[in-house]
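A short worksheet on the structure shown next.
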Amino acid sequence: MRLDIPDLSLVALVGISGSGKSTFARRHFTPTEVLSSDAFRAMVADDENDQSASADAFDALHHVAGIRLRAGRRVVVDATNVRKHAREALVALARAHDVLPVAIVLDTPESVAWQRTEARPDRQFGRAVLRGQQQNLRRALRELSREGFRKVHVVTEPDDVTIVNERAW
Ligand code: ATP
Ligand code: MG
């Protein structure tokens, strides 16, 4: 599967925990392009799993994303982005900086994502949390194309993806 991604874009990864977002981001984008909510939680609260730090973490993430976009640098947001308000903020940020918002959905089966999550020592939440994320993801898949994303790529075989960098102009 070939994904054309404009050089100057804000790429929102969308996927439940364990769907493979961070792995995908590492494989296909440069480390400095990727802004991860975990890294920003760690930065502001010394704990990447501290959900109470999410508001501050996203504040900081959006701020840095804006600085990069203003300088003409691509941003890839590694966060679940399964909730509408999270995606709305990213579309607004892209529009404010005149770049294309693109969504890449990692549509990994919930059972697979759970197996992977359960095996991780650094993930503590229960099955119900993942189920809730999956419900939000199903809704997202219906609504994404109407939310202002220029392109929505739904990936079911992440190992078969080739990213082609597209010069916007
Ligand atoms: P979180 O939202 O919790 O940060 P994530 O979506 O970023 O999760 P990853 O950390 O990328 O998920 O992957 C979770 C686990 O699944 C890791 O142990 C990773 O090695 C494994 N994994 C990710 N992608 C694949 C893949 N394509 N094939 C096999 N294993 C994978
Ligand atoms: Mg991750």
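Just so you know, ligand 1 is whichever comes first in the structure, and atom 1 is the first atom listed for that ligand. Just so we're clear, the structure is a prediction, and the values are computed from it rather than from any experiment.
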Would [X] and [Y] pass as an ion pair if we require N to O under 4.0 Å?
{"X": "E88", "Y": "R83", "answer": "no"}
{"X": "R73", "Y": "E33", "answer": "no"}
{"X": "R138", "Y": "E143", "answer": "no"}

Checklist entry - Under 4.0 Å from any heavy atom of S19, which atoms of ligand 1 are there? => result 6 (O)
Item to check | Subset of ligand 1 atoms that lie under 4.0 Å from at least one heavy atom of T23 | outcome: 9 (P), 11 (O), 13 (O), 19 (C), 23 (C), 24 (N)
Checklist entry - In this structure, which one of D107, N81, T80 forms a side chain to side chain contact (heavy atoms under 4.5 Å, CB included) with L137? => result D107
Checklist entry - Would S52 and D50 count as having a side-chain donor-acceptor pair, cut-off 3.5 Å? => result yes
Checklist entry - Are a donor atom and an acceptor atom from the side chains of S54 and R41 found within less than 3.5 Å of each other? => result yes
Item to check | Side chain, backbone, both or neither: the part of D38 lying under 4.0 Å from ligand 1 by heavy atom | outcome: side chain
Checklist entry - Of the non-hydrogen atoms in T108 and I16, which two are nearest, and what is the gap between them? => result O-CD1, 4.4 Å
Checklist entry - Checking only N/O/S atoms, does T23 have one that is under 2.8 Å from the Mg ion (ligand 2)? => result no
Does the residue [X] have a heavy-atom contact with ligand 1, meaning some pair of atoms that are separated by less than 4.0 Å?
{"X": "G15", "answer": "no"}
{"X": "T108", "answer": "no"}
{"X": "R26", "answer": "no"}

Checklist entry - Of the protein's non-hydrogen atoms, which lies at the shortest distance from atom 8 (O) of ligand 1, and what is that distance? => result G18 N, 2.9 Å
Item to check | Non-hydrogen protein atom less than 4.0 angstrom from atom 18 (O) of ligand 1 | outcome: no
